[in-house]
Amino acid sequence: MFDYLVVGSGLYGAIFACEANKKGKKVLVIDKRPNIGGNIYTEKIEGINVHKYGAHIFHTNNKKVWEYVNEYATFNRFTNSPVANYKGELFSLPFNMYTFNKMWGVVTPEEAMAKIEEQRKEIKGEPTNLEEQAISLVGRDIYEKLIKGYTEKQWGRDCKDLPSFIIKRLPVRLTFDNNYFNALYQGIPVGGYTKMIENMLDGIEVRLNVDYLENKEELDKLAEKVVYTGPIDAYFDYKLGYLEYRSVRFENELLDKPNFQGNAAVNYTDRETPWTRIIEHKWFEFGKDEEGNDLPKTYISREYSSEWKPGDEPYYPVNDEKNSNLYAEYKELAEKEENVIFGGRLGEYKYYDMDATVASVLNKCNEVL
Ligand code: UDP
């Protein structure tokens, strides 16, 4: 008999298992995929650690979280600086003096501020949706060229129908600083995320290709308690209705050349280009293998965003009002499941970054272990 059955070997599940194991609990981890790591899984292809389920850049302001993940991986000095491509015109991200200079020709922070001030006047009162929030942060020009198309492709919804918090993730700076995140600590685990998860799961029994919901009754008998990191609505067989998710599809290509786009991420911010961004994975590790040799080939992923439908992988919860209300109802049901902990992006239906996931699972461990 196990103390805990952990469903899902992503970041939340792996850390819970690791901490429970440290406390002497008997833990079984299962995953329906053939690999561990959930959506942070990386796979080595031609010497390149490919982020198979989308790019993940670890960043945090939380020293405890940073120290925790550093126990399981060595992080490199990667700093995310995506480039925006709007119909062939390139802009620096996030929105900073380089962006303002390219957009308006302004040179000083005062000039940039004056431009933004002039353009944000059209928004009266508190912004009520993403469009208003974006214009009030950076003005209409940047909204039209760098935000609107990208956001509508990523979410499949009009910016007027999206919550404003999504855009508050992006810094706006009056300095020349292309660091996408406002984070004290940032990096990519050397050797890939899979190795980090392997280290967390060291000494713990893991069974892959096991679908929990299909074999629930039988699997529940194996443990006292369950930690469930899958979609909360699926757990309840969608009985209150479907929560909406965005899914992502990747078109991958191995190219016989050393450099395709010169950066890890290029966002295509116009509406017409069907993909949202192209990731060139080698640049997460500076184009080198672990011995420091230049890699001769490159691997790219074009990312297409789509509405989730049953059978797809869910990636992003859609935290608008309708879905938040439905989630609240599922959460009530979840609270009645006495021996089950629901956690992570899908279990809590929250647009968690990795560091928030780590903080959340460590809190949970403190509470229950
Ligand atoms: N965003 C944008 N233009 C960009 C990049 C991001 O407008 O070039 C906005 C957009 O609203 C998006 C949000 O910022 O939904 C978060 O994007 P990000 O790429 O950071 O999300 P991730 O997929 O990395 O979680």
Side-chain angles (χ1 to χ4, degrees), residues 2-60 64-78 185-212 222-223 227-230 279 281-282 284-285 288-291 295 299 301 313 343-347 352-362 364-365 369:
F2 292 94
D3 295 300
Y4 285 99
L5 170 69
V6 176
V7 181
S9 61
L11 194 56
Y12 193 102
I15 293 180
F16 190 95
C18 179
E19 290 305 295
N21 184 48
K22 277 188 208 161
K23 292 266 158 73
K25 306 286 183 199
K26 246 191 117 206
V27 186
L28 172 64
V29 177
I30 59 172
D31 202 299
K32 69 174 175 184
R33 290 189 187 158
N35 52 264
I36 56 168
N39 279 2
I40 65 174
Y41 173 67
T42 49
E43 186 182 312
K44 195 165 260 186
I45 299 173
E46 298 276 341
I48 303 162
N49 288 303
V50 173
H51 296 215
K52 282 301 246 192
Y53 297 90
H56 284 80
I57 299 121
F58 201 97
H59 57 97
T60 190
K64 263 173 56 188
V65 163
W66 183 241
E67 285 170 353
Y68 186 86
V69 292
N70 274 274
E71 285 177 38
Y72 300 95
T74 304
F75 281 76
N76 70 16
R77 59 157 188 86
F78 183 81
Y185 313 104
Q186 184 170 178
I188 304 268
V190 175
Y193 284 93
T194 305
K195 209 160 91 182
M196 178 178 87
I197 296 285
E198 265 167 22
N199 291 339
M200 290 168 171
L201 293 175
D202 189 31
I204 297 168
E205 184 173 345
V206 180
R207 295 184 198 164
L208 299 173
N209 300 301
V210 177
D211 189 317
Y212 174 68
L222 298 179
V227 176
Y228 176 81
T229 69
I279 301 298
H281 301 263
K282 72 190 308 186
F284 289 126
E285 298 182 85
K288 311 249 186 223
D289 68 12
E290 269 161 72
E291 280 79 49
L295 291 157
Y299 193 91
S301 302
E313 293 289 350
R345 218 187 232 213
L346 304 174
Y352 271 144
D353 284 331
M354 285 183 283
D355 65 329
T357 305
V358 176
S360 146
V361 63
L362 290 178
K364 188 51 92 178
C365 290
L369 289 174

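By convention here, the first residue in the shown sequence is residue 1. Computed from a predicted model, the values in this text were never measured in an experiment.
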Seminar exercise, completed: Output for pair (Glu46 CD, Leu295 CG), nearest 0.5 Å, gives 9.0 Å
For this session: Could you tell me which non-hydrogen atom of Tyr53 sits nearest to which non-hydrogen atom of His56, and how far apart they are?
Result: O-CE1, 3.7 Å
Exercise. Does the side chain of Asp31 reach to within under 4.5 Å of the side chain of Tyr41, using non-hydrogen atoms?
Worked result: no
For this session: Might you point out which heavy atoms bring Ile204 and Ala17 nearest each other, and give the distance in Å?
Result: CD1-O, 3.5 Å
For this session: List the steps and the verdict of side-chain contact (heavy atoms from CB on, under 4.5 Å) for Arg345 and Thr357.
Result: CA-CA 7 Å; Arg345 218 187 232 213; Thr357 305; 5.7 Å; no
For this session: Report yes or no: does Asp3 contribute a side-chain atom to a donor-acceptor pair with the main-chain N or O of Lys26 at less than 3.5 Å?
Result: yes
Exercise. Quick check: does any side chain N or O of Asp211 sit under 3.5 Å from a backbone N or O of Lys32, one acting as donor and the other as acceptor?
Worked result: no
Problem set entry | Rounded distance [0.5 Å steps], CE in Met354 versus OG1 in Thr60 | 10.0 Å
Seminar exercise, completed: dist Phe58:CZ -> Tyr185:OH (nearest 0.5 Å) comes out at 12.0 Å
For this session: Would you check if Leu208 and Pro34 make a side-chain contact, meaning some heavy-atom pair closer than 4.5 Å?
Result: no
For this session: Name the orientation class of the two ring planes belonging to Phe284 and Phe78 (parallel below 30°, tilted from 30 to 60°, perpendicular beyond 60°).
Result: perpendicular
Exercise. Do the ring planes of His51 and Tyr193 sit parallel (below 30°), tilted (30 to 60°) or perpendicular (above 60°)?
Worked result: perpendicular
Exercise. Which residues satisfy the salt bridge (Lys or Arg N to Asp or Glu O under 4.0 Å) test with Glu313, sequence neighbours excluded?
Worked result: Arg33
For this session: Show the numbers, then the answer: is there a side-chain contact (heavy atoms from CB on, under 4.5 Å) between Leu28 and Arg207?
Result: CA-CA 8 Å; Leu28 172 64; Arg207 295 184 198 164; 3.7 Å; yes
Exercise. Of all residues at least two apart in sequence or in a different chain, which pass the side chain to side chain contact (heavy atoms under 4.5 Å, CB included) check with Glu19?
Worked result: Ile15, Lys22, Tyr68, Tyr72, Leu362, Cys365, Leu369
Exercise. Given Val227 and Lys364, is the side-chain contact (heavy atoms from CB on, under 4.5 Å) satisfied, shown in steps?
Worked result: CA-CA 11 Å; Val227 176; Lys364 188 51 92 178; over 6 Å; no
For this session: Look at the aromatic rings of Tyr4 and Phe16 and report parallel, tilted or perpendicular, splitting at 30° and 60°.
Result: perpendicular
For this session: With rounding to the nearest 0.5 Å, note down the distance linking NZ in Lys64 to CG in Asp355.
Result: 13.5 Å
For this session: Would you check if the side chain of Ser9 reaches a backbone N or O of Gly37 as a donor-acceptor pair within less than 3.5 Å?
Result: yes
Exercise. Between Tyr352 and Ala356, what is the shortest heavy-atom contact and its length?
Worked result: CD2-CB, 3.5 Å
Exercise. Which atoms form the tightest heavy-atom contact between Asn21 and Val27, and what is the distance?
Worked result: N-CG2, 4.0 Å
For this session: Taking Thr229 for its side chain and Val7 for its backbone only, find out whether a donor-acceptor pair lies under 3.5 Å.
Result: yes
Exercise. Closest approach of Met196 and Pro189, non-hydrogen atoms and distance?
Worked result: SD-CG, 4.4 Å
Exercise. Would Ile36 and Thr194 satisfy side-chain contact (heavy atoms from CB on, under 4.5 Å), going step by step from the backbone distance to the final call?
Worked result: CA-CA 7 Å; Ile36 56 168; Thr194 305; 4.3 Å; yes
Seminar exercise, completed: Distance col, row Lys195:NZ vs Asn49:CG, nearest 0.5 angstrom, shows 8.0 Å
For this session: Quick one: closest heavy-atom pair of Leu5 and Ala223, and the distance?
Result: N-CB, 3.5 Å
Exercise. How many angstroms lie between CG in Asn76 and NZ in Lys288, if you round to the nearest 0.5 Å?
Worked result: 13.0 Å
